[in-house]
Engineer: 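Supplied in structure tokens, the structure appears directly below.
Throughout, protein chains are lettered first and strands after them, A, B, ... in sequence-line order, and every chain is numbered starting at 1. Computation of the quantities below employed the complete heavy-atom set of this structure, encompassing side-chain atoms and omitting hydrogens, waters and symmetry-equivalent molecules. All of these numbers come straight from a predicted model, not from anything done at the bench.
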2 protein chains.
Amino acid sequence: MSTTRILIADPLEILAAGLRSWLSEAPEMEVVGHAGTGQAVLERLEEGPVDLILMEVSLPGRDGIDTMREVRRHHPAVKVLAYSALTEIEYVNSMLIEGASGYLVKGSSKEELITAIRAVMNDQPYLSPAARESTLHGYDHTQKRMDGEYIGLTEREREIIRLVAQERTNDEIAKALFISVDTVKTHRKHLMTKLNVRSLAGLVKYARDRCWI
Amino acid sequence: MSTTRILIADPLEILAAGLRSWLSEAPEMEVVGHAGTGQAVLERLEEGPVDLILMEVSLPGRDGIDTMREVRRHHPAVKVLAYSALTEIEYVNSMLIEGASGYLVKGSSKEELITAIRAVMNDQPYLSPAARESTLHGYDHTQKRMDGEYIGLTEREREIIRLVAQERTNDEIAKALFISVDTVKTHRKHLMTKLNVRSLAGLVKYARDRCWI
DNA sequence: CCCACAATACCCACTAGAGGGTATTTTTCG
DNA sequence: CGAAAAATACCCTCTAGTGGGTATTGTGGG
């Protein structure tokens, strides 16, 4: 069996140290790098071979979901195992739809981590219990759409959600972007529909999770 | 010099592994435990001596700020170094007011971590640059009160902020708690004044940071 | 025993946001 | 080129939230 070269994509370098320590008992695995941002992930992939990325969803700048898409496009052979504390259905779905081979919940034990990596390297998808639970019952209690259709936000919508999450009023946003208040309202309506939330609170949580604020 | 016994209070066990790995080059430091919740911190302190706690602000259940207060009350000799990715002035202030000896920003290098622990153990407060920046200029751009007065929230106010952050309307909250809508509005007013935010968005962010939702 | 505080509840006024449309222009992409 | 998507902007209505008061009751601490 050849060595599995692992890149950890997480804002915290100390997490890479923890991972190295944990994987020391899995001789066929080697941590070959750490990237603190989505951009750094893409740059690292150009520099040398990587077999698997442990990818946090919440990355500053280009987040894990966006990075996932880029990795799929430019490096289809690299496997990605999502690795985040977030277990909400929208993030699990988004990562899987973008091509992740599994979703490991942060806080998993050393044993589960190693099991997950081995599974993914053997082309078997791996989902942590909490992530599996989300894909099965994530919509039960929340009136959310069951279809799980992944709907991306446009660039303009991302700008708007960032601003509303920063406590800006529609009026302030309109002035800042040189557009009409009505247009801002339209974008908000689209955002709330796409993300299936009831109010501003849902938008704020989503933006926070994706490190947009 | 005697050994510094360190307890790491953080939801992620792998962080404790990373810390152990990093501190292996500081021979006088020893990681003697890991606690994933505020409750676990207090229980661990009853079981054996600890010199310093590396305390995350965002802990599930009883968060770092509340735990800090309990540690001060029952174990005044134990030093606490706050350790979080949050750099907002309210969290830095809260932890320091509750008695933390320093505030280390997650994402700091191994060297800074060791420096910070040594400083704190020598009774010198330590603040990461970003945390210091917050205490000095945290209010410059945000119209927030400069006095930095720490105002605790009451239990009822915490209930309310949890619910508003969960996308509940005032009406739903009133029905759930068997109180008048006007009372809910009053609590919201108090919350917004105390936390110095402009709208629901600010309340949601605060609740999210403190792991209340 | 008082004072401070927490929790409750109401008044008024005003604004912002939610929810339903439709429609135009521009951009993007097959 | 032509279709689809994105960004723009307006209509309407209604509810929810913000912001300023005041006031009562109960409770816990000094």
Side-chain angles (χ1 to χ4, degrees), chain A residues 66 69-70 72-73 97 142-145 149-207 212-213, chain B residues 66 69 73 97 142-145 149-207 212-213:
Chain A
D66 291 340
R69 181 166 31 242
E70 291 303 309
R72 248 327 106 259
R73 191 184 331 274
I97 289 167
T142 62
Q143 303 101 31
K144 292 195 176 186
R145 287 188 308 277
E149 185 190 357
Y150 177 72
I151 303 170
L153 303 185
T154 68
E155 268 311 305
R156 199 54 153 175
E157 285 167 346
R158 291 185 184 207
E159 279 189 272
I160 305 280
I161 195 176
R162 271 187 214 110
L163 291 166
V164 301
Q166 285 165 14
E167 303 185 68
R168 310 301 187 81
T169 63
N170 289 340
D171 206 55
E172 290 170 343
I173 296 170
K175 284 187 173 64
L177 301 183
F178 304 104
I179 56 179
S180 151
V181 183
D182 296 298
T183 306
V184 179
K185 286 185 184 178
T186 303
H187 285 307
R188 277 179 87 133
K189 276 187 280 195
H190 291 161
L191 281 165
M192 293 180 65
T193 305
K194 283 186 177 180
L195 300 179
N196 205 244
V197 298
R198 303 172 62 195
S199 72
L200 171 58
L203 298 183
V204 174
K205 281 189 281 186
Y206 189 86
W212 289 348
I213 48 173
Chain B
D66 291 341
R69 181 166 32 242
R73 192 186 328 278
I97 288 166
T142 63
Q143 304 98 29
K144 292 195 173 184
R145 285 189 309 279
E149 186 189 357
Y150 176 72
I151 304 171
L153 303 184
T154 68
E155 266 312 304
R156 201 53 155 174
E157 285 166 347
R158 290 187 186 208
E159 279 189 271
I160 304 280
I161 195 176
R162 270 186 216 108
L163 292 166
V164 300
Q166 283 164 16
E167 304 186 66
R168 311 301 185 79
T169 63
N170 289 339
D171 206 54
E172 290 169 344
I173 296 170
K175 284 188 174 63
L177 301 182
F178 304 104
I179 56 180
S180 152
V181 183
D182 296 299
T183 306
V184 179
K185 286 185 184 179
T186 303
H187 285 307
R188 276 180 89 133
K189 276 187 280 195
H190 291 160
L191 281 166
M192 293 180 64
T193 305
K194 283 185 177 181
L195 301 178
N196 205 245
V197 298
R198 302 172 63 195
S199 74
L200 171 58
L203 297 181
V204 174
K205 280 189 281 185
Y206 189 86
W212 289 348
I213 46 174

Engineer: Residues in side-chain hydrogen bond (donor to acceptor under 3.5 Å, both in side chains) with A:Arg168, at least two apart?
Structural biologist: none
Engineer: So for the helix from C:dC1-D:dG30 to C:dG30-D:dC1, with five pairs setting each end axis, what is the inter-axis angle to 10°?
Structural biologist: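 About 70°, once rounded to a multiple of 10°.
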Engineer: Would you please name every residue forming a salt bridge (charged side-chain N to carboxylate O under 4.0 Å, His left out) with B:Arg162, sequence neighbours left out?
Structural biologist: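 B:Arg162 satisfies salt bridge (charged side-chain N to carboxylate O under 4.0 Å, His left out) with no residue once adjacent residues are dropped.
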Engineer: Kindly list each side-chain donor-acceptor pair under 3.5 angstrom involving residues 173-181 of chain A, sequence neighbours excluded, with atom names and distances?
Structural biologist:
residue  : atom : partner  : partner atom : Å
A:Lys175 : NZ   : A:Asp171 : OD2          : 2.9
A:Ser180 : OG   : A:Asp182 : N            : 2.9
A:Ser180 : OG   : A:Asp182 : OD2          : 3.3

Engineer: When you check the phosphate oxygens OP1 and OP2 of D:dA7, does a side-chain N or O of A:His187 lie under 4.0 Å from one of them?
Structural biologist: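 So the side-chain polar atoms of A:His187 never come under 4.0 Å of the phosphate oxygens OP1 or OP2 of D:dA7.
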Engineer: How would nucleotides 10-30 of chain D be written as a contact map, 5' to 3', with B for base contact, S for sugar-phosphate-only contact and - for no contact, using protein heavy atoms under 4.0 Å?
Structural biologist: B------SBSBB---------
Engineer: Find the distance B:Glu155:CD to C:dA7:P and express it as a whole number of Å.
Structural biologist: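 Taking CD of B:Glu155 and P of C:dA7, I get 8 Å after rounding.
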Engineer: What integer distance in Å separates A:Leu191:CG from C:dG17:C1'?
Structural biologist: 14 Å
Engineer: Do you know which two heavy atoms are closest between A:Arg158 and A:Leu153, and how far apart they sit?
Structural biologist: NE-O, 3.9 Å
Engineer: If I take atom NZ in residue B:Lys175 and atom P in nucleotide C:dA9, what distance separates them, rounded to the nearest angstrom?
Structural biologist: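 Going from NZ in B:Lys175 over to P in C:dA9 covers 13 Å.
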Engineer: Distance check needed: D:dA7 C1' versus A:Arg158 CZ, whole Å only.
Structural biologist: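 Value for this atom pair: 16 Å.
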Engineer: Quick one, give me the B/S/- string for nucleotides 25-30 of chain C, reading 5' to 3', where B means a protein heavy atom under 4.0 Å from the base and S means that only happens at the primed atoms, P, OP1 or OP2.
Structural biologist: ------
Engineer: Without decimals, in angstroms, what is the distance between A:His190 NE2 and C:dG17 C1'?
Structural biologist: 16 Å
